[in-house]
Number of protein chains: 2
Amino acid sequence: MSNNSGPLTYAKSGVDLEADSRRTERIIHEVSKTHAGTMVDNLPGGFAGGIRLPEGNQTLVACTDGVGTKTLLHSYSGTFQSAGMDVVANNVNDLIVTGATPVAFLDYIAMSGLSEDSVVEIVKGVSEACRLDGLALISGETAEMPGIYTSGHFDLAGTAIGLVSELDKFRIDEISANDVLLGLPSGGLMTNGFSLARAALGISGEELHDKAMLQNRPSLLEGDSVGGWLTRPHPSFWNVFKQIKDLGIIIKGAAHITGGGIAGNLSRVIPTGCVGVVDVTSWRRDQIFDYIQAQGGIELEEMYRAFNMGIGMIMALSKEDSRIALASVPELVELGKIEQSDKSEKVILSGVTL
Amino acid sequence: MSNNSGPLTYAKSGVDLEADSRRTERIIHEVSKTHAGTMVDNLPGGFAGGIRLPEGNQTLVACTDGVGTKTLLHSYSGTFQSAGMDVVANNVNDLIVTGATPVAFLDYIAMSGLSEDSVVEIVKGVSEACRLDGLALISGETAEMPGIYTSGHFDLAGTAIGLVSELDKFRIDEISANDVLLGLPSGGLMTNGFSLARAALGISGEELHDKAMLQNRPSLLEGDSVGGWLTRPHPSFWNVFKQIKDLGIIIKGAAHITGGGIAGNLSRVIPTGCVGVVDVTSWRRDQIFDYIQAQGGIELEEMYRAFNMGIGMIMALSKEDSRIALASVPELVELGKIEQSDKSEKVILSGVTL
C-alpha cells in the first residue's frame with residue numbers, strides 16, 4: 001500500500017501535515033498584508049476569521065472548508081445528501097469555536113458529469129443541515145468543470161457566516177488549571193483523514209473495485225458496512241453548544257477535532273503555562289478506527305495525529321460549569337482537565353503509550 | 001474537436017447551460033426551505049445573497065464562485081498569481097452588482113501535488129487583489145486532495161462578503177425607458193467560457209502539447225501569446241463603481257457578464273415592460289474572441305451566449321447621470337439604452353445578425 005518501507009503514514013498517503021504547516025506560515029504572511037486599515041478582529045479557534053461591523057457591536061465571523069476526498073466515497077456509495085450535510089457541519093463547527101452564532105451558509109460544488117439528481121441531492125443535504133442549525137443558505141455555485149475532475153467526481157466546499165458580540169467570544173486566555181475538558185463524540189471520521197483511510201483500505205479510485213470494497217461487512221465492524229461507516233455525515237455540534245449556552249454556562253474555549261487530531265487541534269486553545277490532559281480511555285473509540293489501523297498497519301501515534309479517534313469537539317469549562325453541563329447534556333463525555341505546566345507540550349494523551 | 005456533426009457549441013464542450021438552468025430551478029426549491037424564519041433579504045444582480053443584520057440597518061451580502069477550468073491554463077502557464085486575482089475579482093463583481101461594499105474575502109484552494117511555491121503564488125494573487133479592493137482576507141482553506149485532482153492541478157474558489165444599506169441597494173425596478181447602458185471592458189474571457197475555448201483551441205489536458213499550444217503567437221492575436229490572452233486576470237470593477245458613486249451618481253442596476261454572455265446576464269436587471277438594447281458595434285471586441293471563433297468554427301450566436309465578447313460589466317444609469325459618468329470615467333463605454341417593450345425578450349443585441 002505504501003511505496004516506502006515502514007508503516008503507512010499520512011504523508012505516504014499524499015498528505016504531508018508538516019509541509020502543510022510550512023506552507024501555512026508563508027500564506028499567513030501574505031494574508032496579513034490585507035489587514036492594514038481594516039477592522040479585522042482576532043478570534044480564538046484557529047480557522048474562522050472576523051471583521052468588526054461598522055454598525056452595532058458585533059463581529060462578522062466566517063470560515064471556509066470542504067469535505068476533502070470523502071467526496072470520492074460519497075460518489076461510490078451514492079450518499080450525496082450526506083456529503084451536503086458534511087460540508088455544513090464541518091464549517092459550522094469551525095465557526096462556533098469562536099463563540100459565534102451561525103447565520104448563513106454558501107455552498108460550492110465543482111464537478112464533472114455528475115447527474116442532475118446527484119447535484120440536487122447534495123444541495124438537499126446542505127439545505128437540511130442548514131435548516132437543522134438555523135442557517136439561511138443565501139447563495140451558492142455549481143461549477144461544471146470537465147477536464148479538472150474525473151467524470152462522476154466532485155468537490156464540495158462551503159462558507160459559514162456568523163455573528164459574535166464581544167461578550168460571547170470564547171476567552172481562551174481564561175482557561176486555567178483545574179478546568180475540565182468535555183468532549184462530544186464524532187461517530188466516525190467526520191471529514192478528516194480520508195486520504196490515509198483510503199490508502200489503508202486500498203480504495204484506489206477504481207470504481208468497481210472500490211464499490212465492492214465499501215460494501216464489505218468485516219466482523220470487526222458491527223452494524224454497518226465499511227462504506228456505511230466512512231460516509232456517515234459529519235455531526236454539527238451547534239445544537240449542543242446552544243443547549244449549553246442556554247443553561248447560562250460559559251464555554252471558555254473549544255476545539256473542533258479535524259486534521260491534526262486531538263493534540264493538533266486542542267493545543268490551539270491551551271494558554272501558556274497550561275497543558276490539556278486527555279484520558280483516551282474515557283470514551284469508546286469507534287470500531288472504524290481500529291479497522292483502518294489494522295488494515296493499514298498504521299502506528300497508533302499516527303492514528304491519533306490523522307484522525308479524531310472518536311471525539312469531534314473538545315471544550316474547556318470551569319469545574320462547576322462542567323458538572324451542570326454533564327448533568328444536563330447526555331452526549332457530553334468528561335475527557336480530562338487542564339493542568340499547570342511550564343513545558344512547551346500543550347496536550348498530553350494519557351491512558352495510551354504512543 | 002466535437003463528436004457530433006455541426007459547429008462546436010458550449011454543450012458539446014461539456015457545459016450544458018440549459019441543463020444548468022433546469023438544475024438551478026430544483027436547487028432554488030431546496031434553498032428556499034432554509035429561508036423561513038430567517039432575515040434573508042432579496043438582492044438584485046442574481047448571484048449574491050443577503051441577510052439583514054440584527055444590529056444597525058445594514059444587510060450582509062455574500063457570494064461564492066470559482067475560476068472554472070481556467071485553472072488548467074494557469075497551471076500550464078505558471079500564472080498562479082493571476083489565478084488568485086481571478087477568484088477575487090470574479091466574486092467582487094458578483095457582490096457589487098447588489099450595491100454592496102465588499103469588506104472581506106475567504107479563499108478555497110483544492111489541489112493535488114501543487115508545489116509550495118505555486119500555492120503561495122495563488123495566495124499572493126488573492127492577497128494583492130484584496131488589497132487593491134480594500135477587502136480583508138479573513139480566512140481560507142488549502143486542501144490537499146490526492147485522487148480527486150490530477151497531480152499538478154487545482155481548483156480555486158472563494159467567497160466575498162460585503163455590506164449594503166437600504167439606501168445603497170441598486171433599485172432595478174427603477175430602470176426605465178431612455179436610461180443609458182454603460183459598459184466596462186473585460187479585456188478577455190475573464191473566467192467564463194473556458195471549456196468551450198479549450199475545446200475550440202484543442203487544449204486537451206495533455207501537458208506538453210498544451211504548453212506548446214499556449215505559447216503560440218498567431219498573427220490574428222496582437223501583442224500576446226494564446227496563453228497570455230487566456231490567463232489575463234479577471235478585472236475587478238469595484239474601483240470604478242466607487243469612482244462613480246463618489247460622483248454622487250446613482251447606478252440603478254448592474255450586471256456582471258459571466259456565463260450566459262451579455263443577454264443572459266443583462267436580462268436579469270431589465271424590469272418588465274422594458275428591453276435593453278446593446279449595440280455590439282460600440283466597442284472593439286478583443287481579438288481572442290475572433291481567434292477562438294475561427295479555430296472552433298463556432299457560430300456567432302453561440303459566441304455571444306458563452307463569452308462576454310469584450311464587455312465585463314453593464315450598468316444602467318439615467319441619461320443625465322450617464323453623461324457625468326462618461327465624462328469622468330474614461331473606461332466607460334456607451335453601449336445602448338433601455339426601451340419600452342411588451343415582448344418577453346429582455347435584451348436585444350443590435351448591429352449584428354445572429
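Note on naming: letters A, B, ... go to the chains in the order of the sequence lines (proteins, then strands), and numbering restarts at 1 for each one. The figures that follow rest on heavy atoms only: side chains count, while hydrogens, waters and symmetry mates do not.
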Flag the one option from [options] with the top tally of heavy-atom pairs under 4.5 Å to chain B.
options	result
A:Gly205, A:Gly68, A:Ala104	A:Gly68
A:Thr24, A:Val40, A:Leu60, A:Val103	A:Leu60
A:Asp65, A:Asp41, A:Ile51	A:Asp65
A:Met39, A:Gln58, A:His35	A:Gln58
A:Thr71, A:Asp117, A:Ile203	A:Asp117

Heavy-atom proximity to chain A below 4.5 Å, by part of [X]:
X	value
B:Leu163	side chain
B:Phe105	neither
B:Ile161	side chain
B:Leu135	backbone

**Asked** Is any side-chain heavy atom of A:Thr258 less than 4.5 Å from a side-chain heavy atom of A:Thr191?
**Response**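 Result no, sub-4.5 Å side-chain heavy-atom pair not found.
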
**Message:** Between B:Ser82 and B:His74, is there a side-chain heavy-atom distance shorter than 4.5 Å?
**Reply:**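 Yes, at least one pair of side-chain atoms sits under 4.5 Å.
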
**Message:** On a heavy-atom basis, which atom in B:Phe154 and which in B:Ala83 lie closest, and how many Å separate them?
**Reply:**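 For B:Phe154 and B:Ala83, the tightest heavy-atom pair comes out as CZ-CB, 4.1 Å.
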
**Asked** Which pair of heavy atoms, one from B:Gly260 and one from B:Asn265, lies closest together, and at what distance?
**Response**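 For B:Gly260 and B:Asn265, the tightest heavy-atom pair comes out as C-ND2, 3.9 Å.
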
**Message:** I'd like to know if the side chain of A:Asn90 reaches the main chain of A:Gly66, judged simply by a donor and an acceptor atom lying under 3.5 Å from each other, with no hydrogens or angles considered.
**Reply:**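 Indeed, once roles are kept as given, a pair shorter than 3.5 Å links the two residues.
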
**Flag, side chain of B:Asp155 to backbone of B:Ala110, donor-acceptor distance under 3.5 Å** =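 No.
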
Pick one of side chain, backbone, both or neither for [X], based on which atoms fall under 4.5 Å of a heavy atom in chain B.
X	result
A:Ser195	side chain
A:Phe194	neither
A:Asp107	backbone
A:Leu43	neither
A:Ala48	backbone

**Message:** Strictly below 4.0 Å, N to O, side chains only: are A:Lys169 and A:Glu166 in salt-bridge contact?
**Reply:**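 Yes, this pair counts.
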
**Item:** Salt bridge A:Glu30-A:Lys33, side-chain N to carboxylate O under 4.0 Å
**Value:**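 Salt bridge: yes.
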
Measuring from [X]:[atom1] to [Y]:[atom2], what's the distance to the nearest 0.5 Å?
X	Y	atom1	atom2	value
B:Thr159	B:Leu95	OG1	CG	10.5 Å
A:Asn91	B:Glu141	CG	CD	9.0 Å
A:Tyr10	A:Asn192	OH	CG	6.0 Å

**Message:** Tell me whether the rings of A:His153 and A:Tyr76 are parallel (<30°), tilted (30 to 60°) or perpendicular (>60°).
**Reply:**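 Aromatic pair A:His153/A:Tyr76 classed perpendicular.
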
**Asked** If you check every heavy atom in residues 118-132 of chain B against those of chain A, which residues fall under 4.5 Å?
**Response**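 From residues 118-132 of chain B, the residues near chain A are B:Val119, B:Val120, B:Val123, B:Lys124, B:Ser127, B:Cys130, B:Arg131.
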
**Asked** In terms of heavy-atom pairs under 4.5 Å with chain A, which of B:His29, B:Glu144, B:Arg26 leads?
**Response**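 Sorted descending by pairs with chain A, the first entry is B:Arg26.
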
**Message:** A:Thr69 vs A:Arg198, test: side chain to side chain contact (heavy atoms under 4.5 Å, CB included). Steps then yes/no.
**Reply:** CA-CA 9 Å; A:Thr69 61; A:Arg198 290 192 295 118; 3.4 Å; yes

